[in-house]
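Sequential numbering from 1 along the given sequence is applied to the chain's residues. This is a predicted model, so every value here is computed, not measured.
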Amino acid sequence: SFGVLFGDLSISPLYVFKSTFSGNLSNYQSEDVIFGALSLIFWTLTLLSLFKHVIILLNADDNGEGGIFALYSLLCRHAKFSLLPNHQTADEELSTYHNPRYSYRNPQSLTVKRFAERHKKAKTALLLLVLFGTCLLICVGFLTPAISIRSAIEGVKVRSSELHYGVVLIIACILLVGLFVLQHRGTYRVAFTFAPIVILWSLSIAAIGVYNILKWNPRVYKALSPYYIYTFFRDTRYDGWISLGGVLLCVTGAEAMFADLGQYTAASIRAAFLSKNFAAVSTSFYASIPDSLFWPVLVMATLAAIVASQSVISATFSIVKQCYAIGCFPRVKVVHKSKWFRGQIYIPEINWVLLVLCLAVTVGFRDINHLGNAYGLTYMSAMFVTTWLTALIINFVWGQSLVLALLFALFFGSIEIIFLSSSFIRISKGGWVPLVLSVIFMLIMFVWHYGSRKKYLYDFHNKVPMKQILTLGPSLGIVRVPGIGLIFTALVSGVPATFTRFLTNLPTFYQVAVFVCEKTVLVPYVPQKERYLIGRIGPKSFRMYRCIVRNGYKDVQKNEDDFENDLIMSIAEFIQLEAEGSGTLEGSVDGRMAVVRTSEKFGKRLEISELERNGEASSSMPPTILNSSKSHILQYLQSTYEMESPGSTLRRRVRFKLQPDMNYRDPNVKDELLELVEAKQSGVAYVLGHSHIKAKMNAPCLKRFVIHVAYLFLRKNCRAPAVVLNIPQTCLIEVGMNYYL
């Protein structure tokens, strides 16, 4: 944790002074100017890293999670700002939903909150602000490796001045390619080296700093006085203001909401040296290293740059996962292995996009100062977004007065605007790249969110009335065949039109029907015992259930085998709890939902035994073998098809049976459980809608362009729903549906 969290924070000495003195400021070769730059760095770190992030933002965590999405999640839980359409009151009963620290309510904040809740445009504006901030952080994901590793490698030119520029680029590109290629293996094997690397790096720069202070200028401590900031701008004026775009690089990494006073030592490493060696500004860090320590420090700098890059890349994967979870990013494959650390994920598509962009900016920006301009502008813009979100947190979540929230925003926002105004002057010198890419990423996210929300609203308005289902009787007017059918839908109530369309074209369905809704709740993690919400649709004789699977925005999808088994166990628990506590629900239109995992008897209603590949149970006490209703020919065809399908033989196979010593007050409960077990033995099928999206004929031209061009392009070039849900092809049924949005 130490290596990942502080890696990005400790790497700025490689480039901050070089970028600060990259313009006309290099013409001011006086001790006061050097001290003034150091004083700016010190107080920027103190105000933005220490006071803003450590003292204030660390208190705005969401169950221990930080970042822009954590702030947005807190706001949506304490005010109706969320645009997620399938919110339920039961979601607010989650143990991670409310925090007792935020129970205080300020009557003054209620007025502002009600105003924002009533206006959809205000909610949309807030979402766009959050998306823009996350897009900026995605840009950080490829800018950090580029500037960190390239800055570390360029130290070689200090000892080998004749080394060609292209050689440095080749070495940097090789390291970058290796860094991204190895991402799919995770960091759990080498993570133990992160902390020693960062600790040795921090000790190295501290020791070099002390060495330079004692050798060159012991009076450098005077730079901690704000007076030198005044003399700095008095002497440099416009050129000093332009240099702020380089000074802000000292707080890159602070957006991770972590800072350390050791950073101040890192900032002073080169100040004492520069105050007596003005000509060494461009290579100040490596030029200040004693000759005998140059190569070891170069190696440590390169390793520290790789650790810093790894932490930012992992954070980028997490950011994209959070955007995808709330429906603001196209479907991607999220990989998490059981041996990895909790929260560590890998997204192949994003990894290769970051690699391409990283190589493009590394090679494209021949002047590393242009890369620093892009990097600094991106980070400071993200910090500005965080400042205004935090102001909303102070008012709506913490219940403080609106005046205090505005004072916070104006104080820190004005500091950040001063830095941003300097960075905007450098837009033509590299700063335009992250801005353009952030706008493109934001448009992609918003188009996907817009199309997905319209699709949900179409499903909601076209769901089948329960009265129509009830009039069909227990058989639903069709043939019920053995097995379990899982109908996936975004609806948390009602019957989706996908189900009736399936019955219209093929008037048969499985004896047990389960409507499954996987939804995201705006909390980081949902405890496993509170994840499944089970209910019944129609009378008991219909054998129709509803399962709502609630995930947090940082939860990772489990494999389909565990999901099937958990689902069967949860339904069995619901059937028993329903009989014990609430009596009969015959005639109910849409039964009450229950969080079944909170029961102390969960997992004791059914026995579960794992099967070997030959189909025999591996349990010491073999369960009763239930005869499959499939003919021998169908069983042979199924087994042959599964053997030919890649990965099907690796699926975990289990068998359920009723507990022999379980007493049932109602014999119908035993019959229903036995029918559920027999249906599972016959097989499970996944029913998904295969949607064809079209805009209405009378839709405006802009809407038609968004739906027919932008949204359809994203749908065709992202992962299919079955791939994201890890559904095997042998169990998949897709139902075509036309959507007119």
Side-chain angles (χ1 to χ4, degrees), residues 82-91 326-327 449-478 480 484-510 512-521 532-551 567 571 574 585 587-594 685-696 699 707 711 715 721-722 725 733-741:
S82 174
L83 292 175
L84 289 177
N86 51 9
H87 176 76
Q88 293 175 286
T89 305
D91 298 339
I326 66 169
H449 171 77
Y450 176 81
S452 301
R453 182 174 174 82
K454 289 293 185 182
K455 182 174 176 294
Y456 173 86
L457 293 176
Y458 183 90
D459 278 332
F460 181 79
H461 292 300
N462 290 273
K463 62 182 179 181
V464 181
M466 281 304 304
K467 291 183 179 180
Q468 181 177 340
I469 298 294
L470 294 175
T471 56
L472 299 177
S475 66
L476 300 178
I478 58 174
R480 303 292 288 267
I484 297 178
L486 304 181
I487 305 99
F488 280 78
T489 175
L491 300 175
V492 295
S493 62
V495 176
T498 306
F499 181 64
T500 56
R501 183 169 180 81
F502 179 91
L503 300 183
T504 302
N505 290 273
L506 185 64
T508 183
F509 203 73
Y510 298 96
V512 176
V514 184
F515 294 89
V516 181
C517 172
E518 287 212 31
K519 56 179 288 188
T520 298
V521 184
Y532 289 89
L533 201 60
I534 306 295
R536 188 186 296 276
I537 297 180
K540 292 182 179 180
S541 58
F542 278 52
R543 299 297 190 261
M544 296 171 63
Y545 308 94
R546 185 183 308 281
C547 173
I548 299 177
V549 186
R550 301 180 292 186
N551 298 308
L567 181 62
I571 294 177
F574 168 78
L585 291 177
S588 64
V589 176
D590 202 344
R592 288 169 286 178
M593 309 293 288
Y686 295 74
V687 181
L688 271 69
H690 186 82
S691 53
H692 301 270
I693 308 297
K694 299 180 181 179
K696 295 180 180 180
I707 298 297
Y711 184 60
R715 283 176 55 85
L725 295 171
I733 301 175
E734 292 188 302
V735 182
M737 284 286 295
N738 290 323
Y739 286 80
Y740 296 94
L741 307 181

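Taken to the nearest 0.5 Å, the CD1 atom of Ile733 stands 12.5 Å off from the OG1 atom of Thr498. Leu503 CG to Ile478 CD1: the interatomic distance, rounded to the nearest 0.5 Å, is 4.5 Å. Rounding to the nearest 0.5 angstrom, the gap separating the CG atom in Asn738 from the CZ atom in Arg501 is 6.5 Å. Atom CD1 of Ile487 sits about 13.0 Å away from atom SG of Cys517, to the nearest 0.5 Å. Taking CG from Leu457 and OH from Tyr739, the interatomic distance works out to 11.5 Å, rounded to the nearest 0.5 Å. Within the model, atoms NE2 of His690 and CE of Met737 stand 12.5 Å from one another, a figure rounded to the nearest 0.5 Å.
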Steps toward side chain to side chain contact (heavy atoms under 4.5 Å, CB included) verdict (Phe515, Ile537): CA-CA 9 Å; Phe515 294 89; Ile537 297 180; 3.3 Å; yes
Criterion side chain to side chain contact (heavy atoms under 4.5 Å, CB included) on Val512 and Tyr545, from CA distance to verdict: CA-CA 8 Å; Val512 176; Tyr545 308 94; 3.8 Å; yes
Derivation and outcome, side chain to side chain contact (heavy atoms under 4.5 Å, CB included), residues Ile548 and Tyr532: CA-CA 6 Å; Ile548 299 177; Tyr532 289 89; over 6 Å; no
Intermediate values then yes/no, side chain to side chain contact (heavy atoms under 4.5 Å, CB included), Leu567 and Leu486: CA-CA 10 Å; Leu567 181 62; Leu486 304 181; 3.4 Å; yes
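Side-chain contact of Ser493 with Arg546: a donor-acceptor pair under 3.5 Å is absent, judged by distance alone.
Summarising the local packing, CZ of Phe460 is surrounded by 12 or fewer heavy atoms from other residues, nucleotides or ligands at distances under 6.0 Å.
Counting all heavy atoms, side chain and backbone alike, Thr489 lies closest to Pro496 at OG1-CB, 3.7 Å. The two residues Lys454 and Leu741 come nearest to each other via the heavy atoms O-CD2, 3.6 Å. The two residues Val464 and Ala497 make their nearest non-hydrogen contact at CG2-CA, 4.3 Å. Taking every heavy atom of both residues into account, Ile707 and Ala695 meet most closely at CG2-N, 3.9 Å.
Side-chain contact between Tyr510 and Arg480: absent, with no pair of heavy atoms (C-beta onward) separated by less than 4.5 Å. Taking the side chain as every heavy atom from C-beta outward, Arg715 and Ile693 approach each other to under 4.5 Å. Val495 places none of its side-chain heavy atoms less than 4.5 Å from the side chain of Lys463.
Between the side chain of Asp91 and the backbone N or O of His87, no donor-acceptor pair lies under 3.5 Å.
The aromatic ring centres of Tyr450 and Tyr711 sit 6.0 Å or more apart. A distance below 6.0 Å separates the ring centres of Phe509 and Phe499.
The cationic atom of Lys694 (NZ for Lys, CZ for Arg) does not lie both less than 6.0 Å from the six-membered ring centre of Tyr740 and within 45° of the ring axis.
Considering Val514, Leu688, Val687 in turn, Leu688 is the only one that fulfils the side chain to side chain contact (heavy atoms under 4.5 Å, CB included) rule with Phe488.
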